[in-house]
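Report on the structure given below.
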Amino acid sequence: MSAADTTTPTEVPPPMSVPPPSRPVLPRRKRTFNATPWLLLAPCLLILALVLGYPLVRLVTLSFQKFGQSQLWGFLPADWVGFDNFTGVLDDGEFWSVVVRTVVFAAGCVIFTLVAGMLIALLLQRVSGWVKTLVNIALVASWGMPIIVATTVFKWLFDADYGILNALLSKLPGVEMIGHNWFASGPQGLAVIMLLVVWGAVPFVVITLSAGLTQVPAELEEAARLDGAGAWGIFRYVTLPILKPLIVMLTTLSVIWDMGVFPQVFVMRDGHPEPEFQILTTYSYDRAFVVNDYGQGSAIALITVLLLLGVVAVYMRQMLKIGEVE
């Protein structure tokens, strides 16, 4: 037996646990109300309350009243009728036809606007600087053109007797368009108005998406190209996810704007849109100022506002989802 085996090992005491240093308890700061931001916002909030608040309250009030010319001139008091105006509107088959026409019209405008805007924005990334400058100048000029002026130009372009479009199409072999009335049927006329709306909305979409495309990292595109992705694959898996917040915003704004289209239809049809050209805005106007039923006109306008609030709710939900993912 060796000495090492007979030697009793020395017991090593366990290491003493050192308590962690206690953090100093800081006194809680009392939340104080800072009135400065609200004072700075007060003029803007007051203007919004006067410009938007009063008309909205008046609109809601009229939608629950029987209000015609007699009430307008003060000959009879406005009677409260509850939901009778809404019941009369919702029971009217013509109203639902107008709703379907408005939804189809707005959807067509939104789809064509976003597709055309995306294509032009992608094209601007691949042209020289001076071409891009010329295109941007043309886009800003068309965007800044007043709606009435643009509508008048389109009326002359599609005029049955003197329209340049009919003259150009008639030069094609086998095509005779001289004297063709584009507004003889509702679908053709609404297609022309849709083209006018898209023409006025594309510049904003192009400028916004062009700014978004500058934020797409070239390294990601190059990596996707090295992995064998083609142009469509790069656009779908790299460009589109990065542009998704912008596309959601543009889609929501386009839906709101296109469902609220009024002057294009009103001016294009000389202030008297036919039944096949009626959308919610012009239909509400006709019920209020042509039929002189301001109560039902207000009810239709309020229903339109509620539909648009639904679109805004969907937009806010999508933006919150995007924020959680990021």
Side-chain angles (χ1 to χ4, degrees), residues 22-65 106 109-110 113-114 117-118 121 136-137 139-147 197 200-217 239-263 280-281 284 297-326:
S22 59
R23 297 180 179 178
V25 179
L26 299 176
R28 290 186 177 181
R29 295 181 179 180
K30 294 183 179 180
R31 294 183 178 180
T32 59
F33 177 74
N34 188 4
T36 303
W38 293 102
L39 290 176
L40 295 175
L41 288 173
C44 180
L45 295 176
L46 180 61
I47 293 174
L48 287 177
L50 294 176
V51 175
L52 299 178
Y54 174 77
L56 185 60
V57 171
R58 187 60 175 159
L59 176 70
V60 175
T61 303
L62 286 176
S63 64
F64 292 98
Q65 291 180 337
C109 290
V110 171
T113 299
L114 291 178
M118 180 64 76
N136 285 328
I137 292 174
L139 290 172
V140 173
S142 63
W143 189 22
M145 182 179 294
I147 296 177
V197 174
V202 160
F204 176 75
V205 175
V206 173
I207 294 172
T208 306
L209 291 178
S210 296
L213 287 172
T214 60
Q215 303 304 313
V216 178
T239 306
L240 209 56
I242 295 176
L243 294 181
K244 184 179 179 181
L246 279 180
I247 294 174
V248 172
M249 180 197 71
L250 290 172
T251 303
T252 307
L253 292 177
S254 297
V255 170
I256 294 173
W257 292 337
D258 295 340
M259 288 194 67
V261 165
F262 177 81
L280 280 172
T281 51
S284 173
S298 300
I300 296 169
L302 188 58
I303 292 172
T304 306
V305 171
L306 294 177
L307 290 175
L308 295 179
L309 287 178
V311 176
V312 173
V314 173
Y315 164 70
M316 295 301 298
R317 182 179 179 183
Q318 292 296 324
M319 293 305 294
L320 289 175
K321 284 184 178 178
I322 293 173
E324 291 175 0
V325 172
E326 293 177 351

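Side-chain atoms of Thr214 come within 3.5 Å of backbone atoms of Ala211 as a donor-acceptor pair (strictly under, hydrogens ignored). Looking only at distances, a side-chain donor or acceptor of Ser63 sits under 3.5 Å from a matching main-chain atom of Val60. Counting only distance, with no hydrogens or angles, the side chain of Thr281 and the backbone of Val261 share a donor-acceptor pair below 3.5 Å.
Ala121 and Val206 make their closest contact through CB-O, 4.1 Å (heavy atoms, listed as atom of the first residue, atom of the second, distance). Looking at every heavy atom in both residues, Leu139 comes nearest to Pro203 through O-CB, 3.3 Å. Taking all atoms of both residues into account, the shortest heavy-atom contact from Ile247 to Thr251 is O-OG1, 2.7 Å. Closest approach of Leu50 to Pro55, counting heavy atoms only: O-CD, 3.7 Å. Val205 approaches Gly117 most closely through the heavy-atom pair CG1-CA, 3.9 Å.
With sequence neighbours excluded, the residues that form a side-chain contact (heavy atoms from CB on, under 4.5 Å) with Ile207 are Val140, Trp143. Under the rule for a side-chain contact (heavy atoms from CB on, under 4.5 Å), the partners of Ala201 that lie at least two apart in sequence or sit in another chain are Thr113. Taking the side-chain contact (heavy atoms from CB on, under 4.5 Å) definition, one finds that Thr61 meets it with Val57, Arg58, Gln65, Trp80, sequence neighbours left out. Leu309 meets the side-chain contact (heavy atoms from CB on, under 4.5 Å) test with Val305, Leu306; sequence neighbours excluded.
If you take CG on Leu59 and CD1 on Ile300, they are separated by 11.0 Å, rounding to the nearest 0.5 Å. Considering SG of Cys109 and CG of Leu114, their distance stands at 11.0 Å, rounded to 0.5 Å. The CD atom of Gln215 sits 9.5 Å away from atom CD1 of Ile242, with the distance rounded to the nearest 0.5 Å. Taking CG of Leu246 as the reference point, atom CG of Leu250 lies at 6.0 Å (rounded to 0.5 Å).
Contact of the Ser142 side chain with the Val202 side chain is not registered, since no non-hydrogen atoms from C-beta on lie closer than 4.5 Å.
Residue pairs that meet the side-chain hydrogen bond (donor to acceptor under 3.5 Å, both in side chains) test with at least one member in residues 35-51, sequence neighbours left out, are Asn34-Thr36.
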